[in-house]
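Structure record follows, encoded as structure tokens.
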Number of protein chains: 2
Amino acid sequence: MSSSSNEYVVKVKAGSEIMAQIMADQSGKSSESNVATSKKIRKKRSKKQQGASVSNKGTTSSGKRVGIREIARQAGVSVATVSMVLNNNPKITEATRQKVNKVIDRVGYRPNRLAQSLSGRYTRVISILMPTLRHAMADPYFGELISGICDRAARLGHKVMLEHAKPDFIRERRHIELFERRFVDGVLCIGFNDRHAFMKDFIENDHPMVVVNNMFPQWGLDHVVCDYRSGAEQVMTYLQQLGHKKIGLVHGAPEVFTAREIIEVYKRRMTTVTGGFDTSWMADGRFTEEHGAEATKKLLEAHPDMTAIFASNDKMAMGAIHYANRHGRSVPSDLSIVGFDDIQYTAFVNPTLTTVHLPLYELGVLACERLVERIRGKSERVREVLPTHLVLRESTSLAASYAPGVG
Amino acid sequence: MSSSSNEYVVKVKAGSEIMAQIMADQSGKSSESNVATSKKIRKKRSKKQQGASVSNKGTTSSGKRVGIREIARQAGVSVATVSMVLNNNPKITEATRQKVNKVIDRVGYRPNRLAQSLSGRYTRVISILMPTLRHAMADPYFGELISGICDRAARLGHKVMLEHAKPDFIRERRHIELFERRFVDGVLCIGFNDRHAFMKDFIENDHPMVVVNNMFPQWGLDHVVCDYRSGAEQVMTYLQQLGHKKIGLVHGAPEVFTAREIIEVYKRRMTTVTGGFDTSWMADGRFTEEHGAEATKKLLEAHPDMTAIFASNDKMAMGAIHYANRHGRSVPSDLSIVGFDDIQYTAFVNPTLTTVHLPLYELGVLACERLVERIRGKSERVREVLPTHLVLRESTSLAASYAPGVG
DNA sequence: ACATTACGGTTAAACAGTTTACCATAGCGG
DNA sequence: CCGCTATGGTAAACTGTTTAACCGTAATGT
């Protein structure tokens with residue numbers, strides 16, 4: 001069978017024009033749509049709508065959507081009263097409340113939240129901001145965080161928007177525009193590194209923002225993060241318990257704080273154990289399977305006697321196993337491999353992956369919670385760390401050279 | 001080493017109160033936040049903000065954000081003119097346009113998009129609606145689609161909101177509220193099945209909606225979808241070319257149209273080849289690794305002579321390999337396994353997975369594009385099918401009993 | 001008995017834009 | 001020279017809420 005780098009692709013149907021067109025469009029400049037066109041079309045639409053919605057719920061017989069004034073009229077109260085009923089203002093009597101609510105239910109009225117937000121000072125929308133890694137959303141790491149955020153946001157009555165921070169997005173200060181144009185009340189930042197200095201802009205303009213699973217102490221940003229240090233310690237302890245001394249590290253981009261934390265722990269533990277250490281035992285896997293495999297190649301070629309590899313995330317660990325498998329090392333008997341993150345499918349790959357579990361879903365929940373607190377006015381800095389733990393699976397075993405009792 | 005169903009978890013740090021609290025909160029009722037509280041806090045905030053933003057960009061010296069009237073005053077024109085400049089209305093002379101723009105740039109004015117949307121008839125937001133599968137976002141299948149949607153939406157000047165359709169979400173008709181309260185201009189539906197009849201509500205109320213990678217012909221919904229039928233045909237052809245006759249099917253929930261398409265193709269191809277067929281060769285894997293493994297167990301126990309398994313998605317295929325590996329069948333020499341979807345990591349697992357590639361990213365792009373067209377007034381039904389193709393990797397080989405030339 | 005408060009609700013002014021109807025000027029043909 | 005139309009811009013109405021300020025009663029304190 002062909003290796004993955006040399007796949008044989010059977011194209012039964014030739015590439016359709018549809019696909020070609022889609023991919024061609026990719027290069028188009030991001031731009032507001034042509035105004036003249038959209039105006040014309042809009043008119044057409046509204047006309048058609050009138051015809052369609054004949055005395056539907058939420059519309060008067062004339063087809064116009066009903067507003068708060070209409071409700072007020074029908075209930076025989078002022079608009080202010082209706083507004084207060086809507087907002088559960090305690091100033092309103094139970095009697096009036098019921099009277100108004102009856103009308104609201106009957107007519108199926110729903111307050112226009114654009115008007116609400118325009119008038120009030122809130123938006124009830126938060127945004128998740130992340131870099132434009134190709135297919136970032138498809139990464140279970142991000143997905144898990146986002147799941148947690150979405151679930152909690154919904155429970156707190158907030159909507160969640162997704163935003164990709166492309167370079168031009170930042171250049172045009174659209175991240176600040178998010179607030180200035182009243183799109184959102186707060187943002188959550190995921191997946192950025194030390195080079196993304198734009199994040200400072202948020203606090204400088206006093207806009208609620210929380211960094212998720214990362215830290216930027218140099219900028220004093222709020223954050224919630226997993227305990228990478230402890231996770232790394234557990235990995236090193238475990239590998240050393242298994243008798244491994246020649247341990248390689250496939251690390252993530254060092255401009256990421258948490259990646260540096262793992263590196264630091266690794267370095268310290270290596271020096272205390274082997275009594276010295278060399279950067280040739282480390283390679284950058286840039287968080288992806290591909291580069292993880294490459295890094296592994298580099299490490300194994302430099303140190304054929306390596307018995308274990310610690311990868312700073314599961315994707316790189318997968319890349320490491322992939323490479324090892326294809327180059328005469330079976331995992332774990334010849335080479336132990338440990339990952340980091342514990343993304344879902346690592347429990348189903350072959351061999352299953354020993355890895356550090358990060359409570360990403362819970363971290364998303366926590367981030368959302370803290371952000372909303374900030375939005376509501378809480379001003380204490382957010383600095384929270386969630387515990388991590390090692391999950392033992394099949395990709396690790398006793399060091400080959402060790403085996404004291406050969407159990 | 002322990003199997004995945006019997007993991008040994010090292011908990012170095014005992015479960016913290018933080019985590020406990022987070023998980024406890026999970027059961028809380030979804031509710032709008034207490035009004036009295038939020039009001040009080042809001043007042044505090046606004047006071048603080050005034051103090052902080054001393055003559056910042058976009059604010060007057062008094063600390064108040066500038067509006068269109070202020071711009072009009074400074075430029076010596078009417079607000080209508082400024083509005084028209086903002087919207088590139090051709091009625092405005094180049095000279096006036098420049099005059100106004102200069103003021104806008106100088107003062108750093110950005111139009112409040114809440115006011116714009118309130119006044120205009122659009123929102124420039126679309127929503128992605130999906131079921132509440134636990135950790136749905138962490139699934140690369142959804143992630144890939146969402147990636148495509150987000151990228152294209154941004155290019156078309158639309159924001160993207162994420163929405164989970166919990167049962168109570170539907171019961172309270174919040175999916176319609178999305179439109180009625182003017183949250184969005186359109187929605188994209190992902191991951192639903194025939195039991196989710198609420199999707200009819202959208203067309204009934206004439207709200208733009210497009211189903212992504214699924215079909216509901218019974219309700220006449222717009223959709224864009226991958227060619228599952230062709231993909232399945234390719235798989236069956238390939239397996240039969242390899243000499244497989246005893247082929248099992250681990251299918252997805254049959255209330256999903258595309259899942260049924262695969263089942264149909266499978267049934268037809270099996271009857272024409274083996275001249276008869278039995279439902280005992282099929283098992284429901286419900287789209288997950290766990291159930292995929294279980295389904296595989298059922299199939300292999302019923303038919304130990306099975307030489308190949310066709311799984312209707314990659315996750316189930318992973319479950320199948322997982323189970324087979326642990327029960328004395330090596331893949332592919334004893335058992336060939338084919339997946340469906342071609343999610344990223346299937347190229348890095350062991351063995352790498354032969355699977356049908358779905359252009360999910362492109363499908364997301366297309367869906368977004370078509371939805372926006374509908375929003376802008378186009379009224380033709382959307383019914384588009386994107387081609388799929390088989391990707392050969394390591395998880396398949398000649399049927400053991402076959403081997404004509406024993407290559 | 002009279003000034004205070006509390007209560008329940010109302011009026012009208014924000015909020016920040018877009019759009020419609022109208023208007024002055026200029027150009028042009030007859 | 002008059003009426004007509006095109007051009008470029010304006011004033012005012014409109015979008016649909018919230019909220020600050022105000023206002024009658026009724027209950028309460030002194």
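When reading the values below, keep in mind they use all heavy atoms of this one structure, side chains included, and skip hydrogens, waters and symmetry mates. Order of the sequence lines sets the chain letters (A, B, ...), proteins ahead of strands, with each chain counted from 1.
Residue contacts for B:Val82: at a heavy-atom cut-off of 4.0 Å it reaches no nucleic acid atom on any strand shown. Here B:Leu114 lies out of heavy-atom contact (under 4.0 Å) with every strand. Contact annotation for B:Arg182: no contact, since no heavy-atom pair falls under 4.0 Å across all strands. Residue contacts shown for B:Arg69 include a base, since a base heavy atom lies under 4.0 Å away. When heavy atoms are screened at a 4.0 angstrom cut-off, A:Thr96 is found touching the sugar-phosphate backbone but no base atom. Note on B:Thr93: only backbone sugar-phosphate atoms sit closer than 4.0 angstrom, heavy atoms only; bases stay farther off.
For an aromatic pair to be called close, the ring centres must be under 6.0 Å apart, and B:His175 with B:Phe198 satisfies this.
Between the side chain of A:Ser117 and the backbone N or O of A:Arg113, at least one donor-acceptor pair lies under 3.5 Å.
Between the CE atom of B:Met84 and the C1' atom of D:dG9 there is a distance of 8 Å, given to the nearest Å. The CD1 atom of B:Ile92 sits 13 Å away from the P atom of C:dT19 (whole-angstrom rounding).
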(request) Mind running salt bridge (charged side-chain N to carboxylate O under 4.0 Å, His left out) on B:Glu180 and A:Arg110 for me, showing each step along the way? (result) CA-CA 7 Å; B:Glu180 293 188 339; A:Arg110 295 279 159 238; 5.0 Å; no
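Along DNA chain C, the nucleotide nearest to B:Gln116 and the one nearest to A:Ser78 differ in position, and the one closer to the 5' end is contacted by A:Ser78. Where A:Leu86 and A:Lys91 meet DNA chain D, the nucleotide closest to each residue was compared, and A:Leu86 sits on the side nearer the 5' end.
Residues passing the ring-ring contact (aromatic ring centres under 6.0 Å, His included) test with B:Phe179 are B:Phe202, B:His207, sequence neighbours excluded.
Screening B:Lys102, B:Arg106, B:Lys99 for a side chain to side chain donor-acceptor pair (under 3.5 Å) involving B:Gln74 leaves a single residue, B:Arg106.
Taking the ring centre of A:Tyr122 as origin, the terminal cationic atom of A:Arg124 falls inside the region bounded by 6.0 Å and 45° from the ring axis.
Direction of the helix axis in the helix from C:dA1-D:dT30 to C:dG30-D:dC1 shifts by 40° between the two five-pair termini, rounded to 10°.
A donor-acceptor contact under 3.5 Å links the side chain of A:Ser119 to the base of D:dT17.
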